[in-house]
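Below, chain A is the first sequence line, B the second, and so on; all start at residue 1.
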Protein chains: 2
Amino acid sequence: MAELTVFAIEGIGEIEPGMDVAAAIGDAIAAGTRRLVDGDVLAVTHKIVSKAEGRVVDLADDGPDSHRYLVEQEAASVIRRRDQLVIAETRHGFVCANAGVDRSNAGVARAVLLPIDPDRSANRIRLRLAERFRVTLAVIVTDTFGRAWRRGLTDVAIGVAGMAPIDDLRGQTDDFGKELEVTEVATADEIAAAADLVIGKSSRNPAAVVRGVSWTPASTGVSPLIRPAGEDLFR
Amino acid sequence: MAELTVFAIEGIGEIEPGMDVAAAIGDAIAAGTRRLVDGDVLAVTHKIVSKAEGRVVDLADDGPDSHRYLVEQEAASVIRRRDQLVIAETRHGFVCANAGVDRSNAGVARAVLLPIDPDRSANRIRLRLAERFRVTLAVIVTDTFGRAWRRGLTDVAIGVAGMAPIDDLRGQTDDFGKELEVTEVATADEIAAAADLVIGKSSRNPAAVVRGVSWTPASTGVSPLIRPAGEDLFR
């Protein structure tokens with residue numbers, strides 16, 4: 001029977017700039033009761049990755065001006081602006097609020113930026129944990145994004161290692177033998193969303209294991225999930 | 001320990017117009033080995049709900065013209081159009097491709113439309129199963145939507161019964177005592193995405209149980225997830 005389980009990795013503790021995030025996650029796994037198994041997907045909130053990589057900025061103050069300045073700096077282009085809300089494209093190609101600049105769980109007058117290369121960050125964690133625990137796994141670095149036409153936010157993948165982020169069902173047929181219309185499933189984003197249901201928005205459990213998803217090995221990183229500007233009908 | 005499990009309900013069988021979808025799901029659960037428990041969320045793909053409710057249309061043929069005509073009929077307004085792709089707002093307020101008209105798993109020269117009132121459909125299933133199995137549960141009716149800036153599709157909630165679709169964390173603080181910036185989590189959409197990871201795109205397992213999510217009882221239906229047009233920066 002198809003069954004998925006998702007559980008948080010507890011005991012990772014606070015991550016500070018310069019720390020080895022793969023070691024911290026690995027130590028928490030080793031100290032816990034649940035082992036990694038082949039086929040697991042590890043979802044890691046980008047915040048601990050960014051912190052470990054020193055992507056933390058001290059702001060002059062906690063006011064909107066300091067924040068806005070940083071957002072402009074992080075944005076490759078601003079897509080829309082309304083009052084305090086800025087929808088921007090990041091240098092990675094992600095379209096999101098505030099160009100990924102986040103002041104929650106950062107500390108007073110500090111902000112956390114997105115990792116420079118989230119795919120590389122994900123892959124480093126993947127290689128280290130695969131070696132340490134002798135398992136085949138995929139790693140997803142996540143962030144929380146809004147959507148154009150739906151309220152509320154969901155977690156999505158911003159870095160992917162080891163797996164294809166999209167499963168392309170083109171050519172597969174439905175139960176009547178007709179080709180499926182829904183052909184590209186954003187598996188990595190659905191995994192990020194499932195992980196968020198146990199991770200939540202505190203920094204206490206910044207990683208979770210998603211077990212039981214069938215995924216396709218690949219080394220494309222997150223790029224298949226990014227819609228090229230030329231294909232985008234909404235900017 | 002926070003843990004989520006998701007499993008498909010097997011043995012629902014083909015649903016035809018006029019059938020009782022709550023009875024079909026209930027019979028499959030009763031015949032299976034896993035019982036519902038208090039707090040479960042049942043995710044049901046809209047296709048079996050639509051079929052049971054007779055929201056199936058025979059097309060003149062399987063060509064693009066018949067399909068396009070039907071899409072125009074189902075759309076409250078067309079937001080963007082490029083070649084064969086139509087992004088439309090449905091009468092429910094959802095913005096999605098083809099106004100929710102889907103030809104997969106419908107049969108030759110047939111299309112499945114969205115339920116007229118997916119919240120009502122979800123609530124009917126919820127009441128029937130709650131009574132039959134004497135459990136407190138929430139029900140989500142799902143569909144597969146694209147996103148403006150990301151490739152690939154994910155399942156989202158189009159009908160919600162028994163739970164708040166968004167968890168509003170406003171006023172909650174992070175681990176440094178600062179107010180959280182991400183305040184509105186689209187829990188129902190994350191549950192729909194998690195369910196899709198076990199459901200897949202065949203019609204064989206059109207429903208799944210998501211167990212271990214903490215949700216807030218509510219009777220708002222899906223509407224908190226729909227961004228009002230006046231708030232929408234992208235149409």
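Looking at residues two or more places apart in sequence or on another chain, you find a side-chain contact (heavy atoms from CB on, under 4.5 Å) between Ile226(A) and Phe94(A), Val222(A). Applying the side-chain contact (heavy atoms from CB on, under 4.5 Å) test to Ala99(A) and every residue at least two apart in sequence or in another chain returns Val71(A), Glu74(A), Ala75(A), Ala88(A), Thr90(A).
Rounding to the nearest 0.5 angstrom, the gap separating the CD1 atom in Ile199(B) from the CD atom in Glu190(A) is 9.5 Å. Atom CH2 of Trp149(B) sits about 6.0 Å away from atom CD1 of Ile87(A), to the nearest 0.5 Å. Here the straight-line distance linking atom CG of Asp155(B) with atom CG of Asp189(A) works out to 12.5 Å at 0.5 Å rounding. Considering CG of Leu4(A) and CZ of Phe7(B), their distance stands at 12.0 Å, rounded to 0.5 Å.
Ranking Ala188(A), Ala157(A), Ala229(A) against chain B, the residue ahead of the rest is Ala157(A), based on heavy-atom pairs under 4.5 Å. Interface check for chain A: of the options Leu197(B), Thr187(B), Asp232(B), Val209(B), the most heavy-atom pairs under 4.5 Å are formed by Leu197(B).
In this structure, the side chains of Asp196(A) and Val185(B) come closer than 4.5 Å at one or more pairs of heavy atoms. Annotation: side chain of Arg81(B) is not in contact with side chain of Leu233(A) (no heavy-atom distance under 4.5 Å). You'll find the side chain of Phe145(A) reaches within 4.5 Å of the side chain of Arg150(B), heavy atoms only.
Contact annotation for Arg80(A): only side-chain heavy atoms (C-beta onward) come within less than 4.5 Å of a heavy atom of chain B. With a 4.5 Å cut-off on non-hydrogen atoms, Val213(A) touches chain B through its side chain but not through its backbone. For Ile191(A), the parts sitting under 4.5 Å from any heavy atom of chain B are the backbone and the side chain alike. Residue contact with chain A, scored on non-hydrogen atoms closer than 4.5 Å, involves the backbone and the side chain of Val95(B) alike.
Using a cutoff of 4.0 Å between basic side-chain nitrogens and carboxylate oxygens, Arg82(A) and Glu231(B) are not scored as salt-bridged. The pair Glu3(B)-Arg211(A) does not meet the salt-bridge criterion, since no charged nitrogen lies less than 4.0 angstrom from a carboxylate oxygen.
Residues Ala193(A) and Ala193(B) come closest through the heavy atom pair CB-CB, 3.9 Å. The heavy-atom pair separating Arg147(A) from Arg227(B) by the smallest distance is O-NH2, 3.1 Å.
A donor-acceptor pair is defined here as one N or O able to donate and one able to accept, closer than 3.5 Å; no such pair exists between the side chain of Arg151(A) and the backbone of Leu225(B).
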